[in-house]
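Each remark here refers to the structure printed beneath this line.
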Protein chains: 2
Amino acid sequence: MSAIPRYYQAKTRLLDLLSELPDNTPFPPERELAELFGMSRTTIRKALDELVLEGKLIRRAGRQGTSVAPRKQVHRLSLDALVQDLATRESVVVRTIGAQDVINVESVLIRGDEPIGVRSTYLRASQFPGFAELYDRGAPLRKFLSDRYQIRFGELHPWCTTALATPRLAGMLEVRPATPVLSIAWMAHDLRGVPVERSWVVLRGDRTHLTMHAASVTPPVLAGRALG
Amino acid sequence: MSAIPRYYQAKTRLLDLLSELPDNTPFPPERELAELFGMSRTTIRKALDELVLEGKLIRRAGRQGTSVAPRKQVHRLSLDALVQDLATRESVVVRTIGAQDVINVESVLIRGDEPIGVRSTYLRASQFPGFAELYDRGAPLRKFLSDRYQIRFGELHPWCTTALATPRLAGMLEVRPATPVLSIAWMAHDLRGVPVERSWVVLRGDRTHLTMHAASVTPPVLAGRALG
DNA sequence: CAGTGGTCTAGACCACTCT
DNA sequence: GAGTGGTCTAGACCACTGG
């Protein structure tokens, strides 16, 4: 056996083929590729799997088959816009959870007709009397909390990691389960340090770039330590 | 065929088993699980694959086999520390590329004896005469550029997305190829807008949380637009 | 109906690592 | 040497979709 796995050789060849095809071009069927490359269909599928996870190919059941994914479809979302709840949304759902004390506001983020993310916020019902009745689902959540309940938010330090889409999330994002997603979460406090909002955003990793801010100058306190 | 794939049933059962085992416990071999569950080894492997990608299991070649991954092993890295190059590093390599005009500084980020990321920076050699000789590999890169070449950096807007580890990266990070990683990139300009630094950081998604800053108050200009 | 991707099987050989 | 995970094959059946 060669040092380079055959499925990786296949992936490289498929990538070459892919890069020369226009968006939405039908891709050769798996069985055809298997015969063409002299490999088993299983091996070809392993290569295709990775290309699908990277968002370079789209697979559909039935006669449609595999096709080249539309490129240049990377949506830039700013962290600030996510936090402020300014991204384009649809299907906003407000639920109460448990002993009616927790409010959950969940919305699907849409860009260019595609669902690209889910934003979910948890609030304490006792802190926001009448929320479910007063809240206009089209309004930015944070602005509403600020205007209606006079919340003044303090510093915010979201954290970000990767995850694999659960079956429920995969359904909402129209991707396969176990697709890699970007997971961003934060806890918001008011100026007195009282917890106000617990939020969580999941973005399709193959369709979004999250833009952020970074300190441009080294603060002395940071320079002395190893890490934050 | 049932509506729920067998490999997903296997995954659920394995997750139950997993949750009751302490960290680093040896996990049953694949062939044993296949017989126990009455499934083929291929199907069991598909379930195990996802658990490995989620960082819940660790697989090693040879007699060691599969074991329960150490939990609570999430390392918090701040975006600012990454940008300033303050994270703990090792094996810093300085290369020149092409017609000797591009300098590449690449380092492996280490936390708790594990490689958790790779930081790669590209500079123009003509802009930094003598860089390779002068640069102390242990020093924070940005501080060095600032001290030695009087660079003053302007605003910075890194962007972040998910990717799958290439074979080379996978080797450096000690993970399997196609493991989901967090990819953070930025272009740094000086105060006059001249491009200075092009950097790229890849972090193991299953071992790191990236912490960031977000604007705590809605700036008027942001509130009026849909997105940034 | 034919052809596609999705899943699953039984078996094989390899590289690696511990004993 | 024995047992592990990593890869690969050839073949099978299913669900779904279009003509």
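In what follows, chains carry the letters A, B, and so on, assigned in the order in which the sequence lines appear, proteins first and then strands, with residues in each chain numbered from 1.
Judged by closest nucleotide on DNA chain D, A:Gly38 is the one of A:Gln64 and A:Gly38 placed further toward the 5' end.
Put simply, CZ on A:Arg63 is 13 Å from P on D:dT17, counting in whole angstrom units. Atom CZ of B:Phe37 and atom C1' of C:dC8 are 16 Å apart (whole Å). For the pair B:Glu30 CD and D:dT7 P, the computed distance is 11 Å after rounding to whole Å. D:dT7 atom C1' lies 12 Å from atom CD of A:Gln9, rounded to whole Å. D:dT4 atom C1' lies 16 Å from atom CD of B:Glu35, rounded to whole Å.
Put simply, the side chain of B:Val181 does not reach to within 4.5 Å of the side chain of B:Val175, judged on heavy atoms.
Aromatic pair B:His209/B:His75: centroids not less than 6.0 angstrom apart.
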Within the sub-3.5 Å range, which N or O atoms of nucleotides 10-12 of chain C have a protein N or O partner, and how far apart are they?
from, atom 1, to, atom 2, distance (Å)
C:dA10, N6, B:Thr42, OG1, 3.3
C:dA12, N6, B:Arg41, NH1, 3.3

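Between A:Arg6 and D:dT9 there is a side-chain polar atom (N or O) within less than 4.0 angstrom of OP1 or OP2.
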Show which side-chain atoms of residues 45-54 of chain A pair as donor or acceptor with protein atoms under 3.5 Å away, not counting sequence neighbours.
from, atom 1, to, atom 2, distance (Å)
A:Arg45, NH1, A:Glu30, OE1, 3.3
A:Arg45, NH1, A:Glu30, OE2, 2.8
A:Asp49, OD1, A:Arg59, NH2, 2.4
A:Glu50, OE1, A:Lys11, NZ, 2.9
A:Glu54, OE1, A:Lys56, NZ, 2.8
A:Glu54, OE2, A:Lys11, NZ, 2.8

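Taking the ring-ring contact (aromatic ring centres under 6.0 Å, His included) definition, one finds that A:Tyr135 meets it with A:Phe131, A:Phe144, sequence neighbours left out. Under the side chain to side chain donor-acceptor pair (under 3.5 Å) criterion, A:Trp159 pairs with no residue, sequence neighbours left out. For B:Arg198, there are no side chain to side chain donor-acceptor pair (under 3.5 Å) partners, not counting sequence neighbours.
When distances run from any side-chain atom of B:Tyr7 to the nucleotides C:dT7, C:dG5, D:dG5, the shortest one goes to C:dT7.
Donor-acceptor pairing under 3.5 Å is recorded for the side chains of B:Ser120 and B:Asn104.
Near DNA chain D, meaning a heavy atom under 4.0 Å from it, residues 43-61 of chain A has A:Thr43, A:Lys46, A:Ala61 in order of number.
When every heavy atom of A:Asp85 is checked against every heavy atom of A:Ala139, the shortest pair comes out as OD2-O, 4.2 Å.
Between A:Leu36 atom CG and A:Arg31 atom CZ the span is 15.5 Å, to the nearest 0.5 Å.
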